[in-house]
Number of protein chains: 2
Amino acid sequence: MRLISKKTDYAIKAICFIAEAKGRVVSVAELIREFDMPRPFLRKILQILKKSGILKSYKGQDGGFTLAIPAREIFVANLIKIFHGPIKLSRCVFKERLCSDVKTCALKVRIDTIETRVARELQSINIESLLK
Amino acid sequence: MRLISKKTDYAIKAICFIAEAKGRVVSVAELIREFDMPRPFLRKILQILKKSGILKSYKGQDGGFTLAIPAREIFVANLIKIFHGPIKLSRCVFKERLCSDVKTCALKVRIDTIETRVARELQSINIESLLK
DNA sequence: ACAAAATGATACCAATATGGTATCATTTAC
DNA sequence: GTAAATGATACCATATTGGTATCATTTTGT
Ligand code: FES
Ligand code: FES
């Protein structure tokens with residue numbers, strides 16, 4: 001049970017590095033020189049980030065990536081969502097007929113509360129706040 | 001990413017039912033009559049709960065399970081721990097050499113804060129509070 | 001024109017965690 | 001002694017996550 005998977009973690013590190021380059025185009029080659037990540041895996045991650053509108057990419061020699069939006073507007077919650085879908089920590093396995101009243105189910109209510117709080121906190125962490 | 005897996009959910013439901021029987025011995029047969037759970041899977045879960053000291057078991061005809069400790073003292077966090085180990089939502093994939101200073105790593109600090117809060121809240125939900 | 005260096009797209013495989021089954025041994029009540 | 005229950009254990013199925021491989025496309029520099 002993890003909030004931050006490897007994908008998310010690699011993504012955060014890469015985005016931070018790209019953010020610190022302040023507009024200079026950063027290639028995968030440069031990133032793996034900096035971090036110890038599997039090259040093809042990182043490539044896949046960056047491609048997804050590009051498709052999601054977090055990064056801009058430049059093909060060809062001297063190509064690479066830059067941020068597509070300011071670091072201040074990229075949130076950890078966004079990244080988790082991109083790789084793992086919406087944050088849903090509980091998922092009741094009992095259908096209507098088994099839980100006497102889903103609306104007021106004590107367990108569901110309490111787990112949902114925790115879930116909402118976690119989601120809000122993850123939404124409050126932006127990349128800018130993680131830079132040196 | 002879920003806080004409550006099927007194992008945990010089944011366990012909670014079963015424990016609640018056993019708690020509501022107020023000391024009467026409850027068999028797996030009775031539980032699957034009440035809930036729609038796969039019999040061998042539920043058996044495995046109950047065996048683990050027994051080994052963990054949550055349930056007491058009685059073999060032989062008319063056997064089954066009762067609570068080993070009061071419902072008030074069984075917490076959702078305990079059950080998650082039994083089936084999935086300690087609650088660790090983050091797990092940094094970067095070793096010392098990559099994170100400039102693990103002690104003050106901004107990401108780690110913030111995720112750890114969330115984790116601690118979640119763990120505390122799950123620790124505050126006991127089975128008694130989930131009974132009808 | 002062409003080669004080198006980069007990303008784009010896509011298919012595939014590996015490892016792990018979770019969900020679930022099957023079988024036989026043991027105990028107990030009647 | 002038999003039926004009905006749990007104990008123990010090995011095994012399998014499915015989903016998620018982590019990771020590789022390959023080829024196509026684009027761009028830069030000579
Ligand atoms: S048991 Fe799932 S909502 Fe109550
Ligand atoms: S990157 Fe893991 S502790 Fe900082």
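What's counted below: heavy atoms across the whole structure, side chains too, no hydrogens, waters or symmetry copies. The sequence lines fix the lettering, A, B, ..., with proteins before strands; numbering per chain opens at 1.
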- Query: How is A:Pro40 classified with respect to the nucleic acid when contacts are heavy atoms under 4.0 Å: base, sugar-phosphate, or nothing?
  - Reply: base

- Message: Once rounded to the nearest 0.5 Å, what's the spacing between atom CD1 of B:Ile74 and atom CD1 of B:Ile15?
- Response: 5.5 Å

- Message: Any N or O donor-acceptor pair under 3.5 Å from the base of D:dG29 to the side chain of A:Gln61?
- Response: no

- To the nearest angstrom, the CD-C1' distance between B:Gln47 and C:dC24 comes to 13 Å

- Note on the structure: Minimal heavy-atom distance between B:Ala11 and B:Ile45, with the atoms involved, is CB-CG2, 4.0 Å

- Query: Given atom CZ of A:Phe41 and atom P of C:dA15, what is their separation to the nearest angstrom?
  - Reply: 15 Å

- Task: Look at A:Lys6 and D:dG19 and indicate whether a side-chain polar atom (N or O) is within less than 4.0 Å of OP1 or OP2.
- Result: yes

- Message: Quick one about B:Thr116 and B:Thr113 (side-chain donor to acceptor, distance below 3.5 Å, no hydrogens or angles considered), yes or no?
- Response: no

- Item | DNA chain D contacts among residues 22-31 of chain A, heavy-atom distance under 4.0 Å | none

- Item | For the student: nearest non-hydrogen atoms of B:Phe75 and B:Arg72, plus distance | CZ-O, 3.6 Å

- Value in whole Å for how far the C1' atom of C:dC12 lies from CZ of A:Arg43: 15 Å

- Atom-to-atom span, CD1 of A:Ile45 to P of D:dG19 - whole angstrom: 8 Å

- According to a strict under-4.0 Å criterion, is A:His84 in side-chain N/O contact with OP1 or OP2 of D:dT17? yes

- Task: Give the rounded distance in Å between these two atoms: CE of A:Met37 and P of D:dT20.
- Result: 13 Å

- With sugar-phosphate meaning primed atoms plus P, OP1 and OP2, does B:Phe83 contact a base, only sugar-phosphate, or nothing at under 4.0 Å between heavy atoms? nothing

- Task: Using a strict 4.0 Å threshold on nitrogen-to-oxygen distance, state whether B:Arg117 and A:Glu121 make a salt bridge.
- Result: yes

- Could you check which residues of residues 51-60 of chain A get a heavy atom under 4.0 Å from DNA chain D? Sort them by number, please. A:Lys59, A:Gly60

- Item | Interatomic distance, A:Lys50 NZ vs C:dG8 C1' [rounded to whole Å] | 8 Å

- Whole Å only: how far is the NZ atom of B:Lys44 from the P atom of D:dA5? 22 Å

- Task: Could you check how far CD1 of A:Ile48 sits from P of C:dT7, rounded to whole Å?
- Result: 15 Å

- Query: Can we say A:Glu115 and A:Arg120 salt-bridge, meaning some charged N sits less than 4.0 Å from an Asp/Glu carboxylate O?
  - Reply: no

- Item | Heavy-atom pair with the smallest gap, counting every atom of B:Leu55 and B:Ala68 | C-CB, 3.6 Å

